[in-house]
Amino acid sequence: MRQIQMVDLKSQYDKIKNDVNAQMQQVMDAASFIKGEKVATFQRHLENYLNVKHVVPVGNGTDALQIALMSLGLHPGDEVITPTFTFIATVEVIALLGLTPVLVDVDRETFCMSPDAVRRAITEKTKVILPVHLFGQNADMESLRAIAQEHKLYVVEDACQSMGSHYTFQNGESYASGCMGNIGCTSFFPSKNLGCFGDGGALFTNDDALAATIRSLANHGMEVRYHHDRIGVNSRLDSLQAAVLDVKLAHLDQYIAARQSAAEFYNRALTDCDKITIPGHQPQSTHAFHQYTVLLHDLDRNTIQAKLTAKGIPSMVYYPIPIHLQKAYVYLGHKTGDFPIAEHLSQQVLSLPMHTELDEEQLNYIVTSLKEALQ
Ligand SMILES: *Cc1c(COP(=O)(O)O)cnc(C)c1O
């Protein structure tokens, strides 16, 4: 059996090596490393794939979130509602811009932000709802969009983990993840669903005016060269990364299908196991399974992980501390008990190996070993 890894980027690369190398070689031969033709080509291909009007490639997913918030004309003290159970970047950019992160709890089944909690958190200062499509599944966008419309709020989606998933509204309209709100943000970090060989990210929007602002913000606030209309940043996807991404985009549906079939295998094998809960399903969303994350039932997670490690099976905890209990965010004034679901999840979630290259032998071995560990 091949060694089991949390993420196996090497085996994935081996299968597309010739294509990737040839595309990267073209960039090097053209010596066009920044704002090259490859970036424009990838941008166009991704716009088609997502069926969105504008993709703006940037340096990473965190920058994408920051630039999204910078583009909305917000003022210091304006409130942005976001889940406390997420990766730090989501909240970090809100705080960095002098905006106020208003944290809310998540849904017990889907681990995504709870619309009821959002409703309760709205004040006169609320300007943005920032859902995170955690682990590859879209949040309850039907409810969140309705709340946003009712209160005239912007919706910025953190789609860093959900590239390749879709959401269908009750009216039958179906959208790619990140293309339902005013702006969507994604990351091309190597281990993400669509990953490059370094850092990369992008913003999505169907709004022409916002797209122009976003492009300018990502390029030193400039539209006409050396004329700076606003205070911007320097954030761009380089041509070598775009070359890799353009090759991988052609395989993305197949990559998502591979993740989904590994998840189905786990689900079938673990559904009857009364010591854990398999990932819950948001009925209007497909799941891209960036992570396959189970919930342990009051078990000692360290012991389970140690037993798996002893069998050569890696596992990870995303995320061990919710944002409201992180040292850097003490100033928000929260305490243990404020967000009980997120706190419970942070104690009891466990992510199993999940990537595009898992085979049946490995999956069998993982579930058998996990069941033993749970005894
Ligand atoms: C990865 C990730 C980010 C940040 O993306 P980077 O490209 O690493 O900056 C933001 N939010 C979530 C939920 C992520 O998973």
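Nothing here was measured: the structure is a model prediction, and the numbers come from that model. Just follow the structure's listing: the first ligand is 1, and inside any ligand the first atom is 1.
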Trace of the side chain to side chain donor-acceptor pair (under 3.5 Å) decision for Thr84 with His324: CA-CA 6 Å; Thr84 188; His324 69 283; 2.8 Å; yes
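Between Ser114 and Asp105, the side chains place no donor N or O within less than 3.5 Å of an acceptor N or O (distance only, hydrogens not considered).
Scanning the protein heavy atoms around atom 11 (N) of ligand 1, the nearest turns out to be Asp158 OD2, 2.8 Å. Nearest protein neighbour of atom 10 (C) of ligand 1, counting heavy atoms only, is Cys160 SG, 3.5 Å. The protein non-hydrogen atom at the shortest distance from atom 15 (O) of ligand 1 is Gln161 NE2, 2.8 Å.
Look at Lys192 and you'll find a heavy atom under 4.0 Å from some atom of ligand 1.
Grouped with Val39 in a hydrophobic cluster is no other residue, since no side-chain heavy-atom contact under 4.5 Å to another Ile, Leu, Val, Met, Phe, Trp or Tyr is found. Counting side-chain heavy-atom gaps under 4.5 Å among Ile, Leu, Val, Met, Phe, Trp and Tyr, Leu96 is found in no cluster with other residues.
Residue Thr62 has at least one nitrogen or oxygen atom sitting less than 3.5 Å from a nitrogen or oxygen atom of ligand 1, judged on distance alone.
When each atom of ligand 1 is checked for a heavy atom of Asn60 under 4.0 Å away, the hits are 7 (O), 9 (O). Close contacts between ligand 1 and Gly61 involve ligand atoms 5 (O), 6 (P), 7 (O), 9 (O) [criterion: under 4.0 Å to a heavy atom]. If you number the atoms of ligand 1 from 1 as listed, the ones under 4.0 Å from a heavy atom of Ser187 come out as 5 (O), 6 (P), 7 (O).
When each of His355, Lys248, Lys17 is paired with Gln12, the side chain to side chain donor-acceptor pair (under 3.5 Å) condition holds for Lys248 and for no other.
The two residues Val367 and Phe265 make their nearest non-hydrogen contact at CG2-CE2, 4.0 Å.
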